[in-house]
Amino acid sequence: LKFFGLAFFSKKASNAVFFNFIFICLLTAFFNDARMVFAEEPAGGVRPAVEPLQGVELPQGAEMTLTLEDAWKMTLSASEDIRIAGEGVAQAEASVDKALSTFLPRITAETGFTKYSDRKVSGSLVTQPDDSARFDLKITQPLYTGGAEWSAKRLARMRLEKSGATLGYARQSAMLQTARAFFSALKSQKDMEIKRAALKRAGERRKVAIARFKVGEVTRSAVLRAEAETAKHEAELIRAESAIRDAKSFLKRALNVTEGLNVVEPEAFTAANASEEALIKTAYENRLDYKGSVLDQKLAGEGITYAKGNFLPSVRLEGAYDWKKQNPTTTFLVKDSVNASIVLSYPLFEGGLRKAELSEARSKQRESELRRHSLMRDIEVEVRQAYNGIESARAVIEAYKKQLSFAEEDYKMVFEQFKFGIATTVDVIDADTTLISAQRSLMNSSYDLQLAILELNFSTGVLSPKIQAPKRSE
């Protein structure tokens with residue numbers, strides 16, 4: 001404070017202007033740093049965990065009609081995994097700025113005030129003043145660091161590129177997880193419709209059994225059997241309602257919403273007409289996680305270059321301005337001075353640190369190569385499994401369609417026969433069980449086929465926000 005007071009009240013106008021300028025620059029830098037450090041949230045920071053849906057206003061207790069396309073849009077805007085990957089991109093961008101800062105000079109300002117116990121003199125010479133103030137301004141410019149600064153810049157840019165691939169893969173993964181939750185909710189919804197229809201048929205059989213019992217065509221055991229079947233289907237309907245609540249809760253978690261959901265069946269997707277080998281090649285070209293593994297290998301190779309740079313000398317340019325003020329002024333005081341120097345530095349011994357860092361970098365390169373080869377094999381297996389899933393689903397769907405057609409016709413015939421006493425209670429229950437099994441098998445296989453197509457798109461790296469569910473016709 002005394003130093004700055006001297007600056008403001010200096011008798012020489014030129015000194016006052018200079019030091020006041022330095023003082024203002026220091027205050028400006030200080031307050032800018034303080035604002036960044038103590039700010040609660042920088043501009044463009046983290047968004048709220050749950051964003052309100054634009055243009056959607058639902059009354060209390062109403063359900064939202066949701067298509068797969070809408071679900072994907074909501075996921076891409078509200079998924080925490082995508083936001084986490086987005087923060088990784090922001091951190092990588094900051095790393096690029098950090099790497100560029102190593103090419104720029106560093107300016108350091110330092111000031112101090114010293115109060116001595118007493119004044120010391122030797123004859124007519126003052127050797128120690130009562131107090132002193134000083135100001136130092138130092139500039140350091142690195143000229144050569146063994147190529148480490150250029151390697152760090154390349155590393156930062158490759159990390160930025162990898163973070164972009166990671167963000168894209170996070171979007172694809174979120175879309176696939178949403179599709180799985182969507183079709184799971186759709187399956188539960190359709191299963192409840194099947195159970196509700198089964199309960200209705202059980203009620204019809206119960207009425208027929210009661211009517212036939214009243215006229216003496218069947219014994220009371222037939223009525224009891226019909227009552228038991230009705231109660232069983234009521235219990236199954238309750239379980240189906242519980243299952244759909246669980247499935248929709250999982251879907252709402254994926255979408256970050258709290259409203260009720262009513263999922264709408266999407267139109268059929270079309271699988272790519274290509275061989276397994278062609279699809280595997282497409283996966284290697286488009287899979288963002290595979291591109292990330294390739295970048296990891298490049299990063300590891302650049303890490304070796306960075307580690308080798310530590311074995312080379314470094315050169316830097318230094319400049320300094322020193323100003324001193326003493327009260328009283330000592331005899332040999334140099335009030336201000338300016339100096340410049342060029343410094344060559346080479347570490348002779350650092351305890352084996354450089355060698356260990358180089359060995360670590362080479363090990364990371366071998367590790368990244370092994371990870372890439374492992375991922376290649378995993379991708380091949382994923383593509384083949386998705387391809388086989390599509391082929392299998394297509395094959396069984398045709399068989400299940402026939403089974404359902406026969407089961408529906410069989411139930412109608414047996415139920416009519418049951419009305420007139422030609423078929424027994426066991427016969428009609430057996431026909432109903434076959435019908436329910438056929439309905440559920442066809443429903444599950446149809447949705448499994450649609451999900452398998454999306455799984456194949458994900459496995460080949462072509463499932464992206466640009467590929468959306470087809471719009472339903474009006």
Side-chain angles (χ1 to χ4, degrees), residues 61 63 65-66 180-252 260-265 393 396-451:
E63 286 191 343
T65 300
L66 186 71
R180 288 171 176 168
F182 185 91
F183 278 104
S184 176
L186 196 57
K187 281 183 179 181
S188 299
Q189 197 167 273
K190 293 296 182 180
D191 186 62
M192 188 174 66
E193 295 177 3
I194 294 174
K195 297 292 179 59
R196 188 178 286 117
L199 177 60
K200 183 180 179 181
R201 292 194 299 271
E204 293 174 351
R205 294 195 299 271
R206 174 177 170 275
K207 291 179 181 180
V208 172
I210 293 175
R212 293 182 62 195
F213 173 70
K214 288 181 179 180
V215 297
E217 293 183 358
V218 295
T219 62
R220 182 170 175 76
S221 63
V223 177
L224 295 177
R225 182 66 182 271
E227 294 282 1
E229 283 294 313
T230 303
K232 183 188 77 169
H233 287 295
E234 288 176 350
E236 291 180 351
L237 182 60
I238 293 173
R239 286 198 296 267
E241 291 173 348
S242 177
I244 195 172
R245 284 195 297 269
D246 293 340
K248 288 185 176 181
S249 295
F250 186 76
L251 179 59
K252 288 191 287 186
L261 298 177
N262 182 30
V263 294
V264 178
E265 182 175 353
V396 299
I397 282 177
E398 295 301 322
Y400 284 143
K401 285 181 179 179
K402 294 179 181 179
Q403 181 189 22
L404 178 59
S405 177
F406 295 148
E408 289 175 343
E409 185 177 357
D410 177 62
Y411 179 79
K412 290 179 183 179
M413 293 175 58
V414 174
F415 184 63
E416 290 298 324
Q417 293 172 358
F418 177 69
K419 287 181 181 180
F420 296 100
I422 302 176
T424 64
T425 302
V426 175
D427 294 332
V428 73
I429 291 176
D430 182 66
D432 184 69
T433 301
T434 303
L435 176 60
I436 294 174
S437 175
Q439 289 174 336
R440 295 190 65 190
S441 297
L442 180 60
M443 179 266 295
N444 287 324
S445 298
S446 299
Y447 292 147
D448 288 343
L449 174 60
Q450 298 304 304
L451 188 57

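Applying the side-chain contact (heavy atoms from CB on, under 4.5 Å) test between L186 and each of I244, L251, V263 identifies V263 as the sole match.
Looking at Q189 and K248, their side chains come closer than 4.5 Å, going by heavy atoms from C-beta outward. At least one side-chain heavy atom of T230 sits less than 4.5 Å from a side-chain heavy atom of L199. I422 places none of its side-chain heavy atoms less than 4.5 Å from the side chain of E416. With a 4.5 Å cut-off on side-chain heavy atoms, I397 and L449 count as touching.
Taking all atoms of both residues into account, the shortest heavy-atom contact from A209 to A222 is CB-O, 4.1 Å. Between V208 and F418, the shortest heavy-atom contact is CG1-CE2, 3.6 Å. The minimum heavy-atom distance linking R212 with K419 is given by the pair CD-O, 3.8 Å. Contact record, L451 with F183: CD1-CD1, 4.0 Å, taken as the closest heavy-atom pair. A243 approaches S188 most closely through the heavy-atom pair O-OG, 3.9 Å. For the pair F213 and V223, the tightest heavy-atom approach, listed with the atom from each and the gap, is CB-CG2, 3.5 Å.
Taking NZ from K195 and NE2 from H233, the interatomic distance works out to 9.5 Å, rounded to the nearest 0.5 Å. Atom CE of M192 sits about 11.5 Å away from atom OG of S242, to the nearest 0.5 Å.
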Report, one line per pair, each donor and acceptor closer than 3.5 Å where one atom sits in a side chain of residues 435-444; sequence neighbours left out.
residue: R440; atom: NE; partner: D191; partner atom: OD1; Å: 2.9
residue: S441; atom: OG; partner: S437; partner atom: O; Å: 2.8
residue: N444; atom: ND2; partner: R440; partner atom: O; Å: 3.1

- Task: Walk me through it: do V428 and Q417 pass the test side chain to side chain contact (heavy atoms under 4.5 Å, CB included)?
- Result: CA-CA 9 Å; V428 73; Q417 293 172 358; over 6 Å; no

- Message: salt bridge (charged side-chain N to carboxylate O under 4.0 Å, His left out) for E193 and R196? Distances and angles first, verdict last.
- Response: CA-CA 5 Å; E193 295 177 3; R196 188 178 286 117; 6.0 Å; no

- Determine, step by step, whether Q403 and V396 satisfy the side chain to side chain contact (heavy atoms under 4.5 Å, CB included) criterion, reporting the C-alpha distance in whole Å, the side-chain angles of both residues, the deciding distance to 0.1 Å, and the verdict. CA-CA 10 Å; Q403 181 189 22; V396 299; over 6 Å; no

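Salt-bridge formation is not detected for the pair K412/E409: no Lys NZ or Arg NE/NH1/NH2 atom is positioned less than 4.0 Å from an Asp or Glu carboxylate oxygen.
For residues 426-435, the set of pairs meeting the salt bridge (charged side-chain N to carboxylate O under 4.0 Å, His left out) definition, not counting sequence neighbours, comprises R201-D432, R205-D432.
Atom NZ of K401 sits in a sparse spot, with 12 or fewer heavy atoms from other residues, nucleotides or ligands closer than 6.0 Å. Other residues, nucleotides and ligands place no more than 12 heavy atoms under 6.0 Å from the NZ atom of K402. By the neighbour-count criterion of 12 heavy atoms within 6.0 Å, atom CZ of F415 is densely surrounded, having more than that number from other residues, nucleotides or ligands.
The main-chain N or O of R180 is never found under 3.5 Å from a side-chain atom of S184 such that the two would form a donor-acceptor pair.
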